[in-house]
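What you see is a predicted model; the values in this text were computed from it and never measured. In what follows, chains carry the letters A, B, and so on, assigned in the order in which the sequence lines appear, proteins first and then strands, with residues in each chain numbered from 1.
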2 protein chains.
Amino acid sequence: MERLRKHIEEILPLSDEEFLLITTHFTKKRFKKGDYLVRIGETVPQMFFVVSGLLKLFYTDESGKDHILSFPREDWWETDYLAFNTMARAKINLQCLEASEILCITLKDYQNLCNKLPKLEHFFLEKATAGHIASQQRILSLLSSSTESRYEHLLRRYPSLLQRVSKTLLASYLGVSRETLSRLSS
Amino acid sequence: MERLRKHIEEILPLSDEEFLLITTHFTKKRFKKGDYLVRIGETVPQMFFVVSGLLKLFYTDESGKDHILSFPREDWWETDYLAFNTMARAKINLQCLEASEILCITLKDYQNLCNKLPKLEHFFLEKATAGHIASQQRILSLLSSSTESRYEHLLRRYPSLLQRVSKTLLASYLGVSRETLSRLSS
DNA sequence: TGTCACCTGTGATGTAGATCACAAAAAGTA
DNA sequence: TACTTTTTGTGATCTACATCACAGGTGACA
């Protein structure tokens, strides 16, 4: 849980009591490689904070092809936000690429926590804004950049990703076939 | 300003005093078609709420081609959030496609307002989350759908857009050339 | 230690869409 | 109303990328 405290305190200082209150609302779980945290078609009772490990958030289209939205890793918040917030069924999957340590919070606990500690909404607002900005920049790069420069940009921004993720998965994040990406690398 | 009140109260009930407090932090401005609210390279002192009118949020790449991120219209919040929040220079333009009535708020006023009325952060958190979700879905459609189905989806979701926006602009929102879009329509 | 699943590179071929070019139609503007 | 600017459709050509197919490599696990 210390990791969560440091993470929140980058934005919001916390007293010991406040942090204790926060921790009581989360459950720590361990997942193995391949485990699903969210599966298409099921409900999404929780939001997740990644303490350690690596996941993929992805959509599987009608033809069975995967499209990766993100690679959540240490210090990331992730879930199917649409399904989580509206208590609907998931439209996307969230699955472990590595064994992972995760803090989980239910919608009810999340709402309770925000009521008891309203300044946390400031924290989550910052996170949501950052997420929105990042998504917009991804849209821009999909609209305006070549596959090659998107690939270079990705590696520059997350150099460690290449060590942890297969090129097949990187291709499906970039929106090209793995063959095309392979030809780019060489 | 009544429009703003109704808009906020869809999420958050407000007393008359609270709403009065809010209004004192905004400035109402009228813009003509073609006017810029945000221009690449300049600072972004304000965030905008569209009372009436239509705008485009777009990036111009090195080759001079435009890429449209959104068509903000009635009841939308928009700005270059990255530049606004970090007081940096804008990377994207925000320009009027129609004469528009806009409520403007500076970063300082925004922060003051949220301090004085913390429950507003709840409102903005909802908006930011919705924006993030919408952006994610756009990424998914860029990754997984054909141009044709993205076009159909856009028209289904915003049928009025076709009346207000040229196909050239729609093409640059969808990420295809206007020639290709023209061939699709026929 | 052998087997199996997955990953990666590479060739051949097909296709969606970019780009260039032109003309007619529509919409602004003086 | 006349003139300019913008929008739209359509043809011809070119290119990036998808798809299919195959083979060698690597790590996981029984």
Side-chain angles (χ1 to χ4, degrees), chain A residues 31-35 53-56 58-68 71 93 95-100 140-155 161-186, chain B residues 31-35 53-56 58-68 71 95-100 140-155 160-186:
Chain A
F31 292 90
K32 278 178 288 187
K33 182 174 173 172
D35 285 352
L54 180 66
L55 299 83
K56 61 173 173 177
F58 66 109
Y59 170 70
T60 307
D61 68 23
E62 322 76 49
S63 76
K65 212 200 256 175
D66 286 351
H67 305 277
I68 296 184
F71 293 109
N93 296 300
Q95 187 188 20
C96 291
L97 293 175
E98 304 174 357
S100 303
L140 269 191
S141 81
L142 285 168
L143 291 179
S144 71
S145 303
S146 69
T147 300
E148 186 163 15
S149 62
R150 275 183 287 130
Y151 182 49
E152 283 163 9
H153 181 259
L154 179 67
L155 293 188
L161 216 53
L162 198 51
Q163 272 79 61
R164 299 172 82 177
V165 167
S166 74
K167 292 198 178 174
T168 306
L169 290 178
L170 287 187
S172 116
Y173 176 90
L174 292 168
V176 286
S177 68
R178 59 154 211 92
E179 293 92 333
T180 298
L181 186 65
S182 168
R183 280 182 253 264
L184 278 183
S185 326
S186 50
Chain B
F31 292 90
K32 279 177 286 188
K33 182 173 173 174
D35 285 353
L54 180 65
L55 299 84
K56 62 173 173 177
F58 68 107
Y59 170 69
T60 307
D61 67 23
E62 322 77 47
S63 75
K65 213 201 256 171
D66 286 351
H67 305 277
I68 296 184
F71 293 109
Q95 186 189 19
C96 291
L97 292 175
E98 304 174 356
S100 302
L140 269 191
S141 80
L142 285 168
L143 290 179
S144 71
S145 304
S146 69
T147 300
E148 187 163 14
S149 61
R150 273 182 288 131
Y151 182 49
E152 283 163 7
H153 181 258
L154 179 66
L155 293 188
S160 63
L161 216 54
L162 198 51
Q163 273 78 60
R164 298 173 82 178
V165 167
S166 73
K167 292 199 176 171
T168 306
L169 290 178
L170 288 187
S172 116
Y173 176 91
L174 291 169
V176 286
S177 69
R178 60 153 209 96
E179 292 93 333
T180 298
L181 186 65
S182 167
R183 281 181 254 263
L184 278 184
S185 325
S186 50

_Main-chain N/O of Leu181(B) paired to Ser185(B) side chain as donor or acceptor, under 3.5 Å_ =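 The answer is yes, because a donor-acceptor pair under 3.5 Å joins these two groups.
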_Gap separating the CZ atom of Phe58(A) from the NE2 atom of His67(A), nearest 0.5 angstrom_ =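 The NE2 atom of His67(A) is 11.0 Å from CZ of Phe58(A), to the nearest 0.5 Å.
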*Any chance you could measure Arg178(B), atom CZ, to Lys167(B), atom NZ, to the nearest 0.5 Å?*
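Going from CZ on Arg178(B) over to NZ on Lys167(B), the span is 11.0 Å.
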Measure [atom1]/[X] against [atom2]/[N] and give the value in whole Å, please.
| X | N | atom1 | atom2 | value |
| --- | --- | --- | --- | --- |
| Lys33(B) | dG28(C) | NZ | C1' | 8 Å |
| Gln163(A) | dT26(D) | CD | C1' | 17 Å |
| Lys32(A) | dA28(D) | NZ | P | 16 Å |
| Glu98(A) | dA28(D) | CD | P | 12 Å |
| Arg164(B) | dA27(C) | CZ | P | 17 Å |

_Check this one for me: any side-chain N or O of Lys167(B) less than 4.0 Å away from OP1 or OP2 of dG9(D)?_
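For Lys167(B), the contact criterion (side-chain N or O under 4.0 Å from OP1 or OP2 of dG9(D)) is met.
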*Positions of residues 142-154 of chain B (non-hydrogen atom under 4.0 Å from DNA chain D), listed by number*: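 Output list: empty, so none.
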_Ser172(A) side chain to Asp66(A) side chain, donor-acceptor N/O pair below 3.5 angstrom_ =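 No, no side-chain donor-acceptor contact under 3.5 Å.
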*Thr147(A) and Arg150(A): side-chain donor and acceptor closer than 3.5 Å?*
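Judged by distance alone, the side chains do pair up.
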*Taking the side chain as C-beta and beyond, is there a heavy-atom pair between Leu184(B) and Val176(B) under 4.5 Å?*
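The answer is no, as the side chains (C-beta and beyond) never meet within the 4.5 Å cut-off.
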How close do [X] and [Y] get, heavy atom to heavy atom, and via which atoms?
| X | Y | answer |
| --- | --- | --- |
| Thr180(B) | Ser177(B) | OG1-OG, 3.0 Å |
| Ser100(B) | Gly53(B) | OG-CA, 3.4 Å |
| Lys32(B) | Cys96(B) | O-CB, 3.4 Å |
| Leu174(B) | Leu154(B) | CD2-CD2, 4.1 Å |
| Leu143(A) | Ile68(B) | CD1-O, 3.8 Å |

Using a cut-off of under 3.5 Å, enumerate the N/O to N/O pairs linking the protein to nucleotides 18-23 of chain D.
{"residue": "dA18(D)", "atom": "OP1", "partner": "Ser177(A)", "partner atom": "N", "Å": "3.1"}
{"residue": "dA18(D)", "atom": "OP2", "partner": "Ser177(A)", "partner atom": "N", "Å": "3.1"}
{"residue": "dA18(D)", "atom": "OP2", "partner": "Ser177(A)", "partner atom": "OG", "Å": "2.8"}
{"residue": "dA18(D)", "atom": "OP2", "partner": "Thr180(A)", "partner atom": "OG1", "Å": "2.4"}
{"residue": "dT19(D)", "atom": "OP2", "partner": "Lys65(A)", "partner atom": "NZ", "Å": "3.4"}
{"residue": "dT19(D)", "atom": "O4", "partner": "Arg183(A)", "partner atom": "NH2", "Å": "3.1"}
{"residue": "dC20(D)", "atom": "N4", "partner": "Glu179(A)", "partner atom": "OE2", "Å": "3.3"}

*For the helix from dT1(C)-dA30(D) to dA30(C)-dT1(D), measure the angle between the helix axis at one end and the axis at the other, each built from five pairs, rounding to 10°.*
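Helix axis angle between the two ends: 50°.
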